[in-house]
Amino acid sequence: MEKTDLYNPERINEEIKASFDFRTTVNCPVEITLGREALIRIYADNPEKANDSKQLYVAYTDKNGHYNGKMTLPSEYIGKTVYASAYGINIPATVSTEGLKFNVANNLASTRALTADIDLCTKLKQKFMDRLPENKNNTSQLENVDNINLKVVESDTEVLFSFVYSGASRTAQIYYYYYPTDFNTNQGGNPGSQNYFYNAEKGYGDYERIISRFKNDKFLLTKGYGDNGYINISNNNKTGFSIPVQFYGEDGNATTGSNFPEGYSIGFFIISSWPDVFEPIFTDWWCNSHQDGGIKHHTNQWQHNNKQAVRFKDSESGKIIFGFEDIALNETTEDKCDFDYNDFLFLITTSPDIDKEDIPELNEDITESVEGTLLYEDLYPSEGDYDMNDVIIEYTWTKYFDGSNKLTKIDYEFTPVHDGASYTSNFSLMIDGYVNQPIEIFEDHKASLNQAFRGSITEGIAGKQKDDISWESFNPFITVTGNGREVHLTKKKASANANLDGLDEYQKNYVSGIGEYPFAMNIPRKGFIPVTESQRIETDYPDYKHWAETKGKENTDWYNHHKQ
């Protein structure tokens, strides 16, 4: 009876669950209220005051500006202040095990959104050019819609135009125009466009009416562009130059502009000085294809359905970036056009937001990374010397995810940086519940010392919500050559290949029999100084012992205090 009670599996299981797991990190719930859709980044320090502030977490809100998730932080952050950043606003919050709550909406003044400084323009230009490179046919990036005009969905909407960049070799002028969004429904549904300027006699959008009605200084945004040295333009038209886009009444004849009312769409057109193509190029592609009754703009295979412009939304800043191809696509210009769609870039900023639901993201994938150091004692299940320096590996794990916070892949980099072992070990990785078949990273830690091993994981994780796979789901381990013993972090499960012969349930869960020292540890930073050979870990790190005795409640940053 005593033996049966001693080995009661339910009691043992409860003891294992209750035991200290030697984690140096904590899972922290995150709740964000923003008031508008955005990409939220959480930093260790205020990024307004520290340009090199460490990014701790990143995620997209939903379309209403809300987000609930969880982040993994070093335990030493409990009680510290971190900052959530969006739209240039940085909001502080104190970390606790109960979670982080940010209400950025209370701090968003509408006037703060309507800015576009040079640094932001330069940043978004780089994002745009990364996605649509110079001198490359980028037509695959064009949207499969009739036009890319903007829809105003709330009354009293402010709209700001900001010049970003020109890669063109000729000058041009850019204008804007507007019309009631639903106007085409009153015209019997003219084909392919929400086109206010429908001409019943000609049977297509009368682009000449757009030109005559809106080609004047009130609707002129720039008189010329080009930062590439081909032409001289006013300093006001350089990167960061901004001008309000205003509403001059339904007929465009008002003398004083105002904010836009609900229910209007805003389009843009440029007139390029290219020889033989001095004609308008619209964001409304149906207008492009029907100029002069469709004579000049035939829909040939190379014309890409007369698409002359592309747009993206940047959820991080809340802005929309447009790019124009400045050569009108007709049969006389085919050999002149490179179809890169980055000849003229500009930003549109609005407050409140316009309809962005179907606008593609400027960044298809966002990344979130963590880095740290893994320590292994290779004599498991024997107590050994507990110097925790037999195999030391530095790592970086990076999640890639889309605007719905769904993972597309996870990249890893592992570098063995210290060898204090008599045995050789290989190193493998599992992700509990997702990647259960071990991925071997390197075979011999001694032969692999100071080499970086990189790879990507998609199978089993692509399409999953990014926070469902927390960083604590990762299960990296060494396998000691010769005896097949796997050494895992505390309470992690061994793989199906592990040699578990002769091990009790505590040892199979890597729970230390003496209750003070594990066989593997994860340190949430790189640059950990290895313990002196054959010295117990508390010899070089005196705070470690109290941290272990208090089960991680005190001295949470013990690994930062090496005894010199």
Side-chain angles (χ1 to χ4, degrees), residues 23-25 27 30 39 41-42 54-60 69-74 130-131 361 363-376 391-417 425-445 447-479 486-498 510 520-526:
R23 288 193 308 179
T24 56
T25 59
N27 278 332
V30 180
L39 182 69
R41 298 181 187 273
I42 297 179
K54 182 179 180 181
Q55 180 181 288
L56 304 173
Y57 185 78
V58 58
Y60 283 99
K70 61 181 179 180
M71 61 189 295
T72 302
L73 286 172
D130 286 345
R131 183 157 179 171
E361 294 286 344
N363 284 66
E364 290 186 316
D365 281 341
I366 302 297
T367 63
E368 176 186 298
S369 297
V370 296
E371 62 180 28
T373 306
L374 299 165
L375 316 178
Y376 292 97
V391 182
I392 299 181
I393 301 169
E394 292 186 342
Y395 67 82
T396 300
W397 292 322
T398 303
K399 295 178 181 178
Y400 291 75
F401 57 95
D402 62 18
S404 299
N405 294 309
K406 291 185 181 297
L407 288 169
T408 56
K409 67 173 180 174
I410 294 177
D411 284 354
Y412 60 78
E413 178 180 298
F414 295 101
T415 305
V417 294
S425 296
N426 66 28
F427 177 70
S428 301
L429 171 67
M430 298 190 297
I431 304 178
D432 291 344
Y434 299 94
V435 180
N436 298 313
Q437 181 64 34
I439 301 171
E440 185 175 85
I441 308 300
F442 52 80
E443 186 175 0
D444 184 333
H445 82 279
S448 303
L449 202 62
N450 296 317
Q451 299 177 42
F453 295 83
R454 302 179 181 90
S456 296
I457 304 171
T458 56
E459 187 174 355
I461 61 98
K464 307 294 184 183
Q465 286 293 319
K466 79 175 193 72
D467 284 0
D468 288 348
I469 304 178
S470 71
W471 297 117
E472 293 184 1
S473 301
F474 283 72
N475 187 356
F477 62 95
I478 63 170
T479 304
E486 293 180 359
V487 184
H488 292 253
L489 298 168
T490 302
K491 298 187 183 181
K492 292 292 186 181
K493 295 294 184 181
S495 78
N497 305 322
Y510 303 92
M521 289 193 68
N522 173 35
I523 306 302
R525 71 171 180 86
K526 293 182 178 180

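Bear in mind that the values here come from a model prediction, so they are computed numbers and not experimental data. Throughout, numbering of the chain's residues begins at 1 and tracks the sequence.
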**OP:** Evaluate whether atom CD of Gln451 has more than 12 neighbouring non-hydrogen atoms of other residues, nucleotides or ligands under 6.0 angstrom away.
**Re:** yes

**OP:** Working to the nearest 0.5 Å, report the span between CD1 of Ile393 and OG1 of Thr415.
**Re:** 9.0 Å

Subject >> OG1-CD1 distance between Thr25 and Ile523, expressed to the nearest 0.5 angstrom >> reply: 10.0 Å

**OP:** Report, as yes or no, whether the 6.0 Å neighbourhood of atom CD on Glu443 holds more than 12 heavy atoms from other residues, nucleotides or ligands.
**Re:** no

Subject >> Tyr60 and Ile366, any side-chain heavy atoms less than 4.5 Å apart >> reply: yes

Original post:
Taking the side chain as C-beta and beyond, is there a heavy-atom pair between Phe442 and Ser428 under 4.5 Å?
Top reply: no

**OP:** Give the minimum heavy-atom separation between Asn450 and Val417, together with the two atoms involved.
**Re:** OD1-CA, 3.8 Å

**OP:** Go through the side-chain N and O atoms of Asn475 and His488 and say whether any donor and acceptor fall under 3.5 Å apart.
**Re:** yes

Original post:
Does the ring of Phe414 carry Lys526 above it, NZ/CZ under 6.0 angstrom from centre and within 45° of its axis?
Top reply: no

**OP:** Indicate yes or no for a side-chain donor-acceptor contact from Lys399 to the backbone of Trp471 under 3.5 Å, with no hydrogens or angles considered.
**Re:** no

Subject >> Stepwise side chain to side chain contact (heavy atoms under 4.5 Å, CB included) check, Tyr434 with Asp468 >> reply: CA-CA 10 Å; Tyr434 299 94; Asp468 288 348; 3.8 Å; yes

**OP:** Mind telling me whether Tyr395 and Trp397 have parallel, tilted or perpendicular rings, with 30° and 60° as the class edges?
**Re:** parallel

Original post:
Between Tyr57 and Gly69, what is the shortest heavy-atom contact and its length?
Top reply: OH-CA, 4.2 Å

Original post:
CZ/Phe427 to CD1/Ile478 distance, rounded to the nearest 0.5 angstrom?
Top reply: 9.0 Å

**OP:** Locate the shortest heavy-atom distance separating Thr367 from Gln55; write the atom from each residue and the value.
**Re:** O-NE2, 3.7 Å

**OP:** Carefully, step by step, assess Asp467 and Asn405 under the rule side chain to side chain contact (heavy atoms under 4.5 Å, CB included).
**Re:** CA-CA 8 Å; Asp467 284 0; Asn405 294 309; over 6 Å; no

Subject >> Lys/Arg N to Asp/Glu carboxylate O, Lys492 vs Asp432, below 4.0 Å >> reply: yes

Original post:
Is there a side-chain contact between Thr458 and Tyr400 (heavy atoms, below 4.5 Å)?
Top reply: no

Original post:
Yes or no on side chain to side chain contact (heavy atoms under 4.5 Å, CB included) for Val30 and Ile42, after CA distance, side-chain angles and deciding distance?
Top reply: CA-CA 10 Å; Val30 180; Ile42 297 179; 4.1 Å; yes

Original post:
Is there a donor-acceptor pair closer than 3.5 Å between any side-chain N or O of Ser473 and the backbone N or O of Ile469?
Top reply: no

**OP:** To the nearest 0.5 Å, tell me how far Gln437 CD sits from Ile431 CD1.
**Re:** 13.0 Å

**OP:** Indicate yes or no: at least one non-hydrogen side-chain atom of Ser470 is less than 4.5 angstrom from one of Asn27.
**Re:** yes

Subject >> Side chain His445, main chain Ser425, donor-acceptor under 3.5 Å >> reply: yes

Original post:
Nearest heavy-atom pair of Tyr376 and Val487: which atoms, and what distance?
Top reply: CE2-O, 3.4 Å

Original post:
Quick check: does any side chain N or O of Thr373 sit under 3.5 Å from a backbone N or O of Arg525, one acting as donor and the other as acceptor?
Top reply: yes

Original post:
Would you say the side chain of Met71 lies within less than 4.5 Å of the side chain of Leu56, judging by non-hydrogen atoms?
Top reply: yes

Original post:
Is the Lys NZ or Arg CZ of Lys406 less than 6.0 Å from the centre of Phe401's six-membered ring, within 45° of the axis?
Top reply: no

**OP:** Measure across Asn436 and Gly433 and return the closest heavy-atom pair with its distance rounded to 0.1 Å.
**Re:** OD1-N, 3.2 Å

Original post:
Quick one: do the Thr398 and Lys409 side chains pair a donor with an acceptor below 3.5 Å?
Top reply: no

**OP:** Output the distance between atom CD (Glu440) and atom CG (Asn497), rounded to the nearest 0.5 Å.
**Re:** 10.5 Å

**OP:** Mind checking the CG-CZ spacing from Leu429 to Phe453? Nearest 0.5 Å is all I need.
**Re:** 14.0 Å

Original post:
Sub-3.5 Å donor-acceptor pair from the side chain of Glu368 to the main-chain atoms of Val58, do we have one?
Top reply: yes

**OP:** Determine whether more than 12 heavy atoms belonging to other residues, nucleotides or ligands lie under 6.0 Å from atom NZ of Lys491.
**Re:** yes

Original post:
So do the side chains of Pro476 and Ile441 get within less than 4.5 Å of each other, counting heavy atoms only?
Top reply: no

**OP:** Mind running side chain to side chain contact (heavy atoms under 4.5 Å, CB included) on Met521 and Thr24 for me, showing each step along the way?
**Re:** CA-CA 8 Å; Met521 289 193 68; Thr24 56; 4.2 Å; yes

Original post:
Taking the side chain from Glu486 and the backbone from Ser495, do they hold a donor-acceptor pair closer than 3.5 Å?
Top reply: yes

